[in-house]
Amino acid sequence: MTAVTEAKIRRRVLPSPITGQEFVLVGVIVVLWAALAVSTPAFLTAGSIQPLLVATAPVALVGVAMTIVIITGGIDVSVGGAIMACSVLTAKALVGADVNLGVAVLLSIAAGGVLGLVNGVLIAYGRVHAIIITFGTANLFMFLGLRIFGSGTVNGIPGTLAFFGRGPDGRTLGIPHAFLITLVITAVAWWYLRHTAGGRHFFAIGGDAQAARLAGVRVQRRILLAYVLTGVLVGLASCFVIAQGTSTLDQSVGSGKELAVIAAVVIGGTSIMGGRGSVLGTLLGALLVQSVVSGVTQLGWRSQLSDLFVGIFIIVAVGADLLRARARRAR
């Protein structure tokens with residue numbers, strides 16, 4: 001078989017690099033930004049876009065791992081509690097031990113990795129549905145975070161993580177470092193899922209775990225890897241979250257993040273039934289969700305309206321996914 005023939009076969013087997021859903025999301029974001037620019041001219045200024053990208057980064061970053069988890073047929077509703085636990089642990093270390101940037105990031109990533117390992121072991125080897133396990137561990141992680149918090153807030157957090165923040169130290173050429181890092185990790189994940197056997201194994205597990213096992217895929221190890229990766233990226237995202245705020249961290253940190261992440265993944269085109277998904281779509285979904293939140297705030301509307309609009313996007317995305325699945329079965 002010639003190299004040209006192999007290349008043609010590879011193009012037929014692999015899905016399109018950019019899906020129709022992703023094109024639609026780009027179009028929706030462009031229209032939304034144009035509408036907001038007309039309604040609030042300050043929206044397209046650096047003072048508005050930079051905080052938007054900073055807020056998008058942790059949601060999209062955790063969403064990359066959540067995409068892989070949902071592709072395998074699982075879900076992780078504990079990421080909000082995990083962000084809380086990692087954030088307060090890292091913030092306490094910054095205040096108490098005055099650690100440097102590298103140590104703080106490694107500490108947060110290690111803590112997140114341990115929490116992800118707990119989820120992964122229970123789900124992969126305990127053979128209990130992911131939503132049950134992660135709903136339970138979400139409460140455990142929140143309890144752990146509250147115990148570390150003590151009775152109040154963490155005050156006097158130094159600017160060690162300013163590299164990921166909103167200030168001049170947190171951006172290059174006007175683009176926040178947190179968002180640039182998220183772009184790089186998204187690109188690596190996109191390449192891994194598309195061009196490696198290990199990445200395709202995640203899709204196989206979500207399509208039919210038993211068939212994947214018979215084909216030689218180490219299903220339990222892959223599922224464990226997906227949840228550990230989620231924990232690792234939760235740890236890094238926690239550094240982004242700390243850098244977003246002031247020198248004070250309160251007990252609401254991480255609250256609602258699991259819903260924002262899952263919304264970004266679903267809106268991005270990942271099938272909640274497993275077997276299909278795109279990290280690029282998740283990045284666009286996170287950007288759309290945060291654009292809606294930012295737009296509602298700048299227009300002076302009630303904050304509940306952002307939940308309404310995001311809910312509509314989720315329903316439309318899930319409906320479109322069900323219609324696609326029905327069309328495939330009808331062929």
Side-chain angles (χ1 to χ4, degrees), residues 42-65 79-80 82-113 115 145 148-150 152-188 231-257 260-261 264 283 286-287 289-291 293-294 297-298:
F43 178 78
L44 288 182
T45 63
S48 177
I49 294 298
Q50 287 170 351
L52 170 61
L53 296 181
V54 170
T56 299
V59 175
L61 184 63
V62 179
V64 167
V79 294
I83 288 174
M84 178 188 187
C86 293
S87 296
V88 65
L89 178 64
T90 305
K92 285 273 191 178
L94 288 170
V95 173
D98 193 23
V99 298
N100 61 34
L101 174 64
V103 173
V105 172
L106 289 175
L107 174 63
S108 188
I109 288 176
L115 299 182
I148 300 174
F149 261 113
T153 60
V154 181
N155 300 308
I157 301 174
T160 307
L161 297 177
F163 180 81
F164 304 123
R166 299 184 182 184
D169 293 337
R171 56 182 182 261
T172 297
L173 300 177
I175 304 176
H177 295 150
F179 190 74
L180 288 173
I181 292 169
T182 300
L183 286 178
V184 171
I185 292 176
T186 301
V188 171
V232 168
L233 293 188
V234 161
L236 180 56
S238 297
C239 295
F240 295 176
V241 171
I242 295 172
Q244 284 182 28
T246 62
S247 60
T248 299
L249 191 73
D250 62 38
Q251 297 179 2
S252 66
V253 61
S255 178
K257 279 290 190 290
V261 169
L283 175 65
L287 185 58
V289 169
Q290 293 303 315
S291 296
V293 173
S294 177
T297 300
Q298 292 197 33

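FYI, side chains are in, hydrogens and waters are out, and symmetry mates aren't considered; it's all heavy atoms of this structure. Every value quoted in this text rests on a predicted model; they were computed, and no experiment measured them.
- Here the OG-CZ distance, from S294 to F43, works out to 5.0 Å after rounding to the nearest 0.5 Å.
- Going from atom CZ of F163 over to atom OG1 of T172 covers 6.5 Å, rounded to the nearest 0.5 Å.
- Scanning both residues, R171 and H177, for their nearest heavy atoms gives C-NE2, 3.3 Å.
- Closest heavy-atom contact between N155 and V95: O-CG2, 3.5 Å.
- Here the straight-line distance linking atom CG of L287 with atom OG1 of T182 works out to 11.5 Å at 0.5 Å rounding.
- Taking CD1 of I175 as the reference point, atom CD1 of I49 lies at 11.5 Å (rounded to 0.5 Å).
- Scored by the side-chain contact (heavy atoms from CB on, under 4.5 Å) test, V54 finds R166, P176, Q244 as partners (sequence neighbours excluded).
- Taking all atoms of both residues into account, the shortest heavy-atom contact from I242 to A91 is CD1-N, 4.1 Å.
- At distances below 3.5 Å, at least one donor-acceptor pair connects side-chain atoms of S87 with backbone N or O atoms of I83.
- Of the possible polar contacts, none joining the T153 side chain to the D250 backbone as a donor-acceptor pair under 3.5 Å is found.
- Side-chain N or O atoms of T45 include one that pairs as donor or acceptor with a backbone N or O of A42 at under 3.5 Å.
- In this structure the side chain of V99 never reaches within 4.5 angstrom of the side chain of L107, judged on heavy atoms.
- Take A260 and apply the side-chain contact (heavy atoms from CB on, under 4.5 Å) test, not counting sequence neighbours, and it matches V59.
- For S108 (side chain) and A104 (main-chain N/O), no donor-acceptor pair under 3.5 Å exists by modelled atom type.
- Residues F240 and V62 form no side-chain contact, since every pair of their non-hydrogen atoms from C-beta on lies 4.5 Å or further apart.
- Among the candidates L115, V241, L236, the single residue satisfying the side-chain contact (heavy atoms from CB on, under 4.5 Å) test with C86 is L115.
- Between the CG atom of L180 and the CD1 atom of I185 there is a distance of 11.5 Å, given to the nearest 0.5 Å.
- Across A85 and I148, no two heavy atoms sit closer than the pair O-CD1, 4.5 Å.
- Of all non-hydrogen atoms in L283 and A60, the two that sit nearest each other are CD1-CB, 3.7 Å.
- Between L101 and L161 the shortest side-chain heavy-atom distance falls below 4.5 Å.
- With contacts defined as side-chain heavy-atom distances shorter than 4.5 Å, the pair V253/F149 qualifies.
- How far CG of L89 is from CE of M84: 12.5 Å, rounded to the nearest 0.5 Å.
- Contact between L53 and F179 at its shortest, heavy atoms only, is O-CD1, 3.7 Å.
- A donor-acceptor distance shorter than 3.5 angstrom exists from the side chain of S238 to the backbone of V234, with no hydrogens or angles considered.
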